[in-house]
Student: 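Below you'll find the structure I mean.
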Amino acid sequence: MLSKMIMIGSAILLALAGISLSFLPQEISTYLSGSSHPVFSLALQLLGALYLGMAMLNWMNKNKLLGGIYGRPITMANFIHFLVGGLSLVKATSVANQPAFIITTIIYSTFAVGFGYLWLNTPKSVK
């Protein structure tokens, strides 16, 4: 049950981020850097495509048995994504103390802990 909640939550989060980055790259670029450079907007759109792909992966595997040796590639990919992303956000938050960075850091760190837990623990059978 825990793995299903983590997978659904991460799928929704990644889908929202992916849709936002895919359809609003200029606006997000202007918010983050103060200007809208075409190359930066393209990079944000590609990041949005990546997030949408990860969202679909998580959504399609939400009912699978995950944890321990079960679904190891999925849990490992998500764990690495959220761990490295969370650490990068901690560094960014220490430099630019913006509320959006703080909130995103908390969300990423929470998912990193959740996927780390799934990765390291064998799921319990439900009776």
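What you see is a predicted model, and the numbers here were worked out from it, not measured in a lab.
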Student: So which heavy atom on Leu66 is nearest to which on Leu118, and how close?
Tutor: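 So the minimum-distance heavy-atom pair works out to O-CD2, 4.3 Å.
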Student: Compare every heavy atom of Leu52 with every heavy atom of Ser22, then report the nearest pair and how far apart it is.
Tutor: OG-CD1, 3.8 Å
Student: Is a side-chain N or O of Ser109 found less than 3.5 angstrom from the main chain of Ile106, in a donor-acceptor match?
Tutor: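 Absent.
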Student: Looking at Thr104 and Phe101, would you say the former's side chain and the latter's main chain have a donor-acceptor pair under 3.5 Å?
Tutor: no
Student: Rounded to the nearest 0.5 Å, how far does CG of Leu47 lie from OG of Ser20?
Tutor: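 So the gap between those two atoms works out to 11.0 Å.
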Student: Taking all heavy atoms of Met54 and all of Leu14, pick out the closest pair and write down the distance.
Tutor: CB-CD1, 3.7 Å
Student: Group every Ile, Leu, Val, Met, Phe, Trp and Tyr by side-chain heavy-atom contacts under 4.5 Å, then state whether Leu44 and Tyr31 land in the same group.
Tutor: yes
Student: Rounded to the nearest 0.5 Å, what's the gap from CG on Leu16 to CG on Leu21? Could you check?
Tutor: 11.0 Å
Student: For the residue pair Phe111 and Phe82, is the inter-centroid distance of their aromatic rings smaller than 6.0 Å?
Tutor: yes
Student: Closest heavy-atom contact between Ala15 and Ala55?
Tutor: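 So the minimum-distance heavy-atom pair works out to N-CB, 3.5 Å.
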Student: Measure the OG-CG distance between Ser10 and Leu57 for me, rounded to the nearest 0.5 Å.
Tutor: 9.0 Å
Student: Is there a continuous path of hydrophobic side-chain contacts, each under 4.5 Å between heavy atoms, that joins Leu120 to Ile74?
Tutor: yes
Student: Using 0.5 Å steps for rounding, measure from the CD atom of Gln45 to the OG atom of Ser29.
Tutor: 10.5 Å
Student: Angle class for the Tyr108/His81 ring planes (parallel below 30°, perpendicular above 60°, tilted otherwise)?
Tutor: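 If you compare the ring of Tyr108 with that of His81, the planes turn out tilted.
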Student: Can you name the side chain to side chain donor-acceptor pair (under 3.5 Å) partners of Asn63, sequence neighbours left out?
Tutor: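 So Asn63 forms a side chain to side chain donor-acceptor pair (under 3.5 Å) with Lys4.
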Student: Could you please spell out the steps behind the side-chain contact (heavy atoms from CB on, under 4.5 Å) verdict for Trp119 and Arg72?
Tutor: CA-CA 7 Å; Trp119 174 54; Arg72 186 171 285 261; 2.9 Å; yes
Student: Hey, what do you get for CG (Asn61) to OG (Ser3), rounding to the nearest 0.5 Å?
Tutor: 10.5 Å
Student: Hey, could you give me the OG1/CE distance between Thr75 and Met7, rounded to the nearest 0.5 Å?
Tutor: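 Nearest 0.5 Å value for the OG1-CE distance: 8.5 Å.
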Student: Does Ile19 belong to the same Ile/Leu/Val/Met/Phe/Trp/Tyr cluster as Tyr51, with side-chain heavy atoms less than 4.5 Å apart forming each link?
Tutor: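 Hydrophobic grouping puts Ile19 apart from Tyr51.
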Student: Between Met60 and Phe115, is there a shared hydrophobic cluster once you connect ILVMFWY residues whose side-chain heavy atoms come closer than 4.5 Å?
Tutor: no
Student: Taking atom CZ of Phe40 as the centre, does the number of heavy atoms from other residues, nucleotides or ligands within less than 6.0 Å exceed 12?
Tutor: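 More than 12 within 6.0 Å, yes.
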Student: Transitively linked via ILVMFWY side-chain contacts under 4.5 Å: Tyr117 with Met76?
Tutor: yes
Student: Run the side chain to side chain donor-acceptor pair (under 3.5 Å) test against Thr93 and tell me which residues pass, sequence neighbours left out.
Tutor: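 Result, side chain to side chain donor-acceptor pair (under 3.5 Å) vs Thr93: Thr105.
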